[in-house]
Q: 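My questions all concern the structure below.
Order of the sequence lines fixes the chain letters, A, B, ..., with proteins taken first and strands second; residue numbering starts at 1 for each chain. Since this is a predicted model, take the numbers as computed values, not measurements.
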Number of protein chains: 2
Amino acid sequence: MLTNAKLVFNKNINQKHTEAAIKHAEYLCLQKQQKFTSLRRTVFEILWEDYQPLGAYEIKQRLSMRLGKKIDPPTVYRAIEFFVDLGLANKIESLNAYIGCPFPSSQRSYIFLICENCKNVAEVSTGSVDNSLALIMEKLKFKLRKQHIEVKGICSKCSP
Amino acid sequence: MLTNAKLVFNKNINQKHTEAAIKHAEYLCLQKQQKFTSLRRTVFEILWEDYQPLGAYEIKQRLSMRLGKKIDPPTVYRAIEFFVDLGLANKIESLNAYIGCPFPSSQRSYIFLICENCKNVAEVSTGSVDNSLALIMEKLKFKLRKQHIEVKGICSKCSP
DNA sequence: TAGATAAATGTTATATTATAACAAAATTAA
DNA sequence: TTAATTTTGTTATAATATAACATTTATCTA
Ligand SMILES: [Zn+2]
Ligand SMILES: [Zn+2]
Ligand SMILES: [Zn+2]
Ligand SMILES: [Zn+2]
């Protein structure tokens, strides 16, 4: 029953979650003395608006729409980097895409489940894989700073 | 003691391993009715020559040197794709780089250990992480086709 | 508050990674 | 040998990302 894991599907993300994410971002920025500027807020909202991985240029386009002016790549990449550095967003490497992090305060790491059929991405936070990994890293005397797990296959909704 | 894991460091890769990898590639191509052409062989050798992740354009340059003529990107990407599809090479997503696979026939999957200091990459094949992952995927009814794990930190040689 | 300092954003240009589309050559099949 | 298939060559371009410097905005200090 996944008692030791948390799963986040995009369909389950709603206005409430988004608002909570924004609140959390505001709080974290305050705590870390970082500025949650208007531009950054807008990018953050975009990252959450349908909770799907977005490419930088897709974000750029949406940002441009919202602000009613042309936006250049560095503007977007800077905002993305800001949130990734704070752990409030993640890059999905195999998609070159970015997504808000639903477990920003978790000490655990995440697994991204990428459905090759519907293209939806879910994110699961779990301790068991973390533990297995940590054990191996310890044996290898590898000081783990960051782990990144992406899984591709077919999600439950897409399989018969 | 890592009895249930195999680790491959680039320093431990030598001529013998490379030759074995080539033999295996030849065999697999024969088995799958794929052609291990001269061009592909050269790319394969490059992928193994110092067993470090190489970007496509680095491979392109080395290939160009070896063949003494200009090589265009599609030529390189095709060869890379050929080996990745056969499971004889892997892409390290966070580096946009490619590396020969030292466990081509393993049913297990791999973990890439990327040292942020010396930039070396090791590859470890282990069952325990696989099992943890498989368990979660089963619970989530996610049909796992492929998993990809990248770990960043400091390797044993670089830590005091 | 004025002026100095630092941080964020704007702007232009360019680097890096990857693929589309079509042509020619080489291999394999009929 | 001709036809079909696969591989490689070639040209052009798409997609992703960053460097460098200018301007604006926010923060600090005197
Ligand atoms: Zn990438
Ligand atoms: Zn996350
Ligand atoms: Zn699906
Ligand atoms: Zn190292």
Side-chain angles (χ1 to χ4, degrees), chain A residues 25-26 28-47 52-64 66-86 88-99 119 150, chain B residues 25-26 28-47 52-64 66-86 88-99 119 150:
Chain A
E26 282 172 343
L28 193 73
C29 286
L30 234 142
Q31 200 180 34
K32 300 221 171 181
Q33 309 199 58
Q34 300 293 320
K35 279 165 244 168
F36 196 58
T37 62
S38 166
L39 179 77
R40 288 171 178 167
R41 174 187 297 267
T42 310
V43 170
F44 195 74
E45 284 168 6
I46 289 169
L47 280 171
Q52 272 306 111
L54 298 176
Y57 283 72
E58 171 66 27
I59 295 171
K60 174 179 173 292
Q61 195 173 307
R62 294 190 187 198
L63 188 55
S64 186
R66 285 208 186 206
L67 302 183
K69 64 175 177 179
K70 188 182 144 239
I71 298 293
D72 294 304
T75 302
V76 175
Y77 280 100
R78 281 177 192 139
I80 292 170
E81 189 190 28
F82 176 81
F83 291 116
V84 169
D85 286 350
L86 282 172
L88 295 171
N90 290 113
K91 178 175 187 181
I92 299 181
E93 298 284 356
S94 71
L95 301 179
N96 293 324
Y98 307 86
I99 191 165
K119 312 297 177 193
E150 295 182 12
Chain B
E26 282 172 344
L28 194 73
C29 286
L30 234 141
Q31 200 180 35
K32 299 221 171 181
Q33 309 199 59
Q34 299 293 321
K35 279 165 246 169
F36 196 57
T37 63
S38 165
L39 179 77
R40 287 170 179 167
R41 174 185 298 265
T42 309
V43 170
F44 195 74
E45 284 167 6
I46 289 169
L47 280 172
Q52 272 307 112
L54 298 176
Y57 282 74
E58 171 66 28
I59 295 170
K60 173 179 173 294
Q61 195 172 305
R62 295 190 186 197
L63 188 55
S64 186
R66 286 208 186 207
L67 303 183
K69 64 174 178 180
K70 188 183 145 238
I71 299 292
D72 294 303
T75 301
V76 175
Y77 280 101
R78 281 176 192 139
I80 292 170
E81 188 190 28
F82 177 81
F83 291 116
V84 170
D85 286 351
L86 282 172
L88 294 171
N90 290 114
K91 178 175 187 182
I92 299 181
E93 298 284 356
S94 70
L95 301 178
N96 292 324
Y98 306 88
I99 192 165
K119 312 297 178 193
E150 295 181 14

Q: Counting only distance, no hydrogens or angles, is the base of C:dA18 paired donor-acceptor with the side chain of B:Tyr57 under 3.5 Å?
A: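 Under the 3.5 Å cut-off, the side chain and the base do form a donor-acceptor pair.
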
Q: Counting only heavy atoms from other residues, nucleotides and ligands, does the tally under 6.0 Å from CD of A:Gln61 exceed 12?
A: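 Result for CD/A:Gln61: open.
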
Q: At what angle, to 10 degrees, do the two end axes of the helix from C:dT1-D:dA30 to C:dA30-D:dT1 meet, given five pairs define each axis?
A: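 For the helix from C:dT1-D:dA30 to C:dA30-D:dT1, the axes at either end differ by 30°.
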
Q: Indicate, with a heavy-atom threshold strictly under 4.0 Å, whether A:Phe82 touches base, sugar-phosphate, or nothing.
A: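 It contacts nothing in the nucleic acid.
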
Q: For A:Arg40, which contact category applies under a 4.0 Å heavy-atom criterion: base, sugar-phosphate, or nothing?
A: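 Answer is sugar-phosphate: A:Arg40 comes under 4.0 Å of backbone atoms only.
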
Q: Measure the shortest side-chain to side-chain distance between B:Lys91 and B:Asn96 over non-hydrogen atoms and say whether it is less than 4.5 angstrom.
A: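 B:Lys91 reaches B:Asn96 side chain to side chain.
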
Q: Looking at A:Leu54, A:Thr37, A:Ile59, which hits side chain to side chain contact (heavy atoms under 4.5 Å, CB included) with A:Val43?
A: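 That would be A:Ile59; it is the only one of A:Leu54, A:Thr37, A:Ile59 passing the side chain to side chain contact (heavy atoms under 4.5 Å, CB included) with A:Val43.
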
Q: Taking only N and O in the side chain of A:Lys69, is any of them less than 4.0 Å away from OP1 or OP2 of C:dG10?
A: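 For C:dG10, OP1/OP2 do have a side-chain N/O of A:Lys69 under 4.0 Å.
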
Q: Nearest to the B:Asn96 side chain among C:dT9, C:dA18, D:dT8, which nucleotide is it?
A: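 Minimum distance to the B:Asn96 side chain belongs to C:dA18.
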
Q: Could you tabulate the donor-acceptor pairs under 3.5 Å formed by side-chain atoms of residues 66-80 of chain B, not counting sequence neighbours?
A:
residue : atom : partner : partner atom : Å
B:Arg66 : NH1  : B:Glu45 : OE1          : 2.7
B:Arg66 : NH2  : B:Glu49 : OE1          : 2.7
B:Lys70 : NZ   : B:Asp72 : OD1          : 3.2

Q: By the 4.0 Å heavy-atom rule, please label A:Lys60 as base, sugar-phosphate, or nothing.
A: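 The residue A:Lys60 makes no contact with any strand.
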
Q: A:Pro74 has a side chain; which of C:dA18, C:dT12, D:dT10 sits nearest to it?
A: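 Within the option list, the nearest is C:dT12.
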
Q: Under 4.0 Å: is that the gap between some side-chain N or O of A:Lys91 and OP1 or OP2 of D:dA17?
A: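 So the side chain of A:Lys91 is within the cut-off, an N or O lying under 4.0 Å from OP1 or OP2 of D:dA17.
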
Q: Look at the side-chain N and O atoms of B:Lys35 and state whether any lies under 4.0 Å from the OP1 or OP2 oxygen of D:dT5.
A: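 No, outside the criterion.
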
Q: By nearest atom, which of the nucleotides C:dT19, C:dG10, D:dT18 is closest to the A:Arg78 side chain?
A: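 Nearest listed nucleotide: C:dG10.
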
Q: Looking at B:Tyr77, I'd like to know whether one of its side-chain N or O atoms comes within less than 4.0 Å of OP1 or OP2 on C:dA18.
A: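 Answer yes for this pair, as a side-chain N or O of B:Tyr77 is under 4.0 Å from OP1 or OP2.
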
Q: Round to a whole Å and report the spacing from CG of B:Asp72 to C1' of C:dA25.
A: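 In whole Å, C:dA25 C1' lies 16 Å from B:Asp72 CG.
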
Q: Within the structure shown, what part of the strands sits under 4.0 Å from A:Leu39 by heavy-atom distance: base, sugar-phosphate, or nothing?
A: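 Counting heavy atoms under 4.0 Å across all strands, the contact made by A:Leu39 is with sugar-phosphate only.
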
Q: I want to check one thing: is the phosphate of C:dA8, taken as OP1 and OP2, less than 4.0 Å away from some side-chain N or O of A:Thr37?
A: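 For A:Thr37, the contact criterion (side-chain N or O under 4.0 Å from OP1 or OP2 of C:dA8) is not met.
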
